[in-house]
Amino acid sequence: MKKFLLILSFSMGIYASAQEELKKDSVVVDTVKYWSVLGKNTLMINQAAFSNWVGGGANNVGWLAGVNYNLTYEKDKDLWENIIALDYGQNDTKGLGVRKTQDVMNISTNYGRKFSKSWYFSAGAGLQSQFYKGYEDGNNPAAKKISNFMAPGYLNLGMGITYRPNDNLTVTMRPINARWTFVLDKDLQFAGSYGLKNDGDTSLLQFGFLGTALYKVKLMENVHITNTASVFSNYLDHPERLVLAYGAVLNFKVNKFISSNVTVDLLYDHNQIQKTQLKQTLGIGFAYTLNNGVKRSDRKDSQWWFKK
């Protein structure tokens, strides 16, 4: 009987130890997060005041609000990245009134299935537009209106391949891509506006090649630059008239809640205007960054682009 009790006690001890190890293993598995969320919310304020200033100047106050989120799902061979970038800003200058200084709506999604190291078969969609009306003479409401919400608006749908060796570099090439241009403001629906063929048309469909790239660089501690670029060629009509875009965001982080941004955007689109478009902004203000989740690149078990 004593031998039986001794064996039973020994067996129960082994079982309890095994259960404890199983619980530990389960905890480790449960902490692996395949969704990662990186988001930045900003509010920039600028102001200038003059009184008896012989150098001249006009009192003004401005603001810029922005939301920029990256939601990424990474598991085994699957990669699904979603980007939301929304920015809007205004400036109120004495004698001129309120003008918008920033107006951006950019939403995209891209799913990839890995077929080789750093390479994915991919398919995705992207939507670009602005929130409010734009005018020919510095957003002066008395001037000619040239844009509005979804006028123009651009929707891209396509498939191809994506190269993504790490979180700082993503290049996507879609030889199969449909690009819709929408002009939903009746005042802008006339032939030639944003490539429309006839008066009253609300959209234009193009089919061609789309290439996009994103490259992030850490210049020094708390100083980062994010570069984006894209090129589109319409197979069916003047493929040599490339739609080219480049954007750069230089971010200076002061502390957890205060940062400064410098943005530069270049665009050439023959259907909009046969000139290179340039936009530049500078702002300092409040910024809150949300970083929730462990990206695959941060997990030791999947840093497959490093040589072991």
Side-chain angles (χ1 to χ4, degrees), residues 38 40 42 44 64 66-70 81-89 100-110 122 124-131 134 139 146-147 152-158 160-175 177-181 194-195 206 208-220 223-235 238-252 259-283:
L38 179 62
K40 187 174 184 180
T42 59
M44 306 289 184
L64 171 63
V67 173
N68 195 316
Y69 274 75
N70 186 308
E81 189 169 28
N82 305 275
I83 296 175
I84 301 172
L86 308 173
D87 293 285
Y88 191 81
K100 70 175 180 179
T101 55
Q102 183 78 308
D103 193 356
V104 174
M105 178 190 299
N106 195 336
I107 302 172
S108 65
T109 183
N110 191 62
S122 63
L127 175 66
Q128 294 176 299
S129 188
Q130 55 280 316
F131 290 98
N139 296 311
I146 57 175
S147 64
Y154 299 99
L155 175 64
N156 283 285
L157 295 172
I161 57 174
T162 295
Y163 174 69
R164 192 175 189 269
N166 54 60
D167 290 334
N168 294 323
L169 176 63
T170 303
V171 178
T172 298
M173 294 169 285
R174 295 180 187 161
N177 189 86
R179 183 179 191 251
W180 280 273
T181 301
Y194 301 108
Q206 297 173 299
F209 170 86
L210 176 66
T212 63
L214 180 146
Y215 182 46
K216 302 177 183 178
V217 182
K218 179 180 179 180
L219 300 179
M220 59 184 71
V223 180
H224 299 79
I225 184 170
T226 300
N227 302 275
T228 58
S230 68
V231 56
F232 176 78
S233 175
N234 180 13
Y235 293 147
H238 293 286
E240 76 282 0
R241 294 179 180 173
L242 303 178
V243 179
L244 303 170
Y246 169 77
V249 179
L250 181 63
N251 179 259
F252 302 87
S259 68
S260 178
N261 285 339
V262 178
T263 70
V264 176
D265 290 281
L266 291 169
L267 172 66
Y268 181 83
D269 186 345
H270 186 88
N271 285 338
Q272 291 189 8
I273 184 175
Q274 286 89 60
K275 295 180 181 179
T276 300
Q277 302 177 49
L278 169 66
K279 180 179 66 175
Q280 184 271 326
T281 65
L282 167 65

Tell me every residue that passes side chain to side chain donor-acceptor pair (under 3.5 Å) with [X], counting only those two or more places apart in sequence or in another chain.
| X | result |
| --- | --- |
| Ser259 | none |
| Gln272 | Tyr154, Gln277 |
| Thr109 | Trp80, Asn82 |
| Glu240 | His238 |

Heavy-atom side-chain proximity of [X] to [Y] below 4.5 angstrom:
| X | Y | result |
| --- | --- | --- |
| Trp180 | Gln206 | no |
| Lys216 | Ile225 | no |
| Ser230 | Thr212 | yes |
| Asn177 | Phe232 | yes |
| Tyr69 | Lys40 | no |
| His224 | Thr226 | no |

(message) Rounded at 0.5 Å granularity, tell me how far CD1 in Ile84 sits from CE in Met105.
(response)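 Spacing of CD1 (Ile84) from CE (Met105) equals 11.5 Å.
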
(request) Please list, chain by chain and in numerical order, all residues satisfying salt bridge (charged side-chain N to carboxylate O under 4.0 Å, His left out) with Asp103, sequence neighbours excluded. (result)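 Per chain and number, Asp103 pairs via salt bridge (charged side-chain N to carboxylate O under 4.0 Å, His left out) with Lys100.
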
Can you name the closest pair of heavy atoms from [X] and [Y] and give their distance?
| X | Y | answer |
| --- | --- | --- |
| Ser122 | Ile161 | OG-C, 3.6 Å |
| Ile273 | Tyr268 | O-CE1, 4.2 Å |
| Pro165 | Leu169 | CD-O, 3.6 Å |
| Val264 | Leu278 | CG1-CD1, 4.1 Å |
| Leu86 | Phe131 | CD2-CZ, 3.9 Å |

(request) Taking side chain to side chain contact (heavy atoms under 4.5 Å, CB included) as the test, write out the residues that go with Thr170, two or more places apart. (result)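 Partners of Thr170 by the side chain to side chain contact (heavy atoms under 4.5 Å, CB included) criterion, ordered by chain and then number, come out as Glu81, Thr162, Arg164, Thr172.
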
(request) Can you sort out the partners of Ala213 under side chain to side chain contact (heavy atoms under 4.5 Å, CB included), two or more places apart, ordered by chain and number? (result) Val171

Could you list the donor-acceptor pairs under 3.5 angstrom formed by side chains in residues 244-252, with sequence neighbours left out?
unit_1	atom_1	unit_2	atom_2	d
Tyr246	OH	Asn227	OD1	2.6
Asn251	ND2	Asn261	OD1	2.5

(request) Using ring pair (Phe, Tyr, Trp, His ring centres under 6.0 Å) as the criterion, list what pairs up with Tyr163, not counting sequence neighbours. (result) Trp119

(request) Name all residues meeting the ring pair (Phe, Tyr, Trp, His ring centres under 6.0 Å) criterion together with Tyr235; count only those two or more places apart in sequence or in a different chain, and write none if there are none. (result) Phe207

(request) Kindly state each residue pair satisfying salt bridge (charged side-chain N to carboxylate O under 4.0 Å, His left out) with at least one member in residues 268-277, sequence neighbours excluded. (result) Arg179-Asp269

(request) For Gln130 and Pro152, indicate whether the former's side chain and the latter's backbone hold a donor-acceptor pair under 3.5 Å. (result)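 Yes; at least one donor-acceptor contact below 3.5 Å.
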
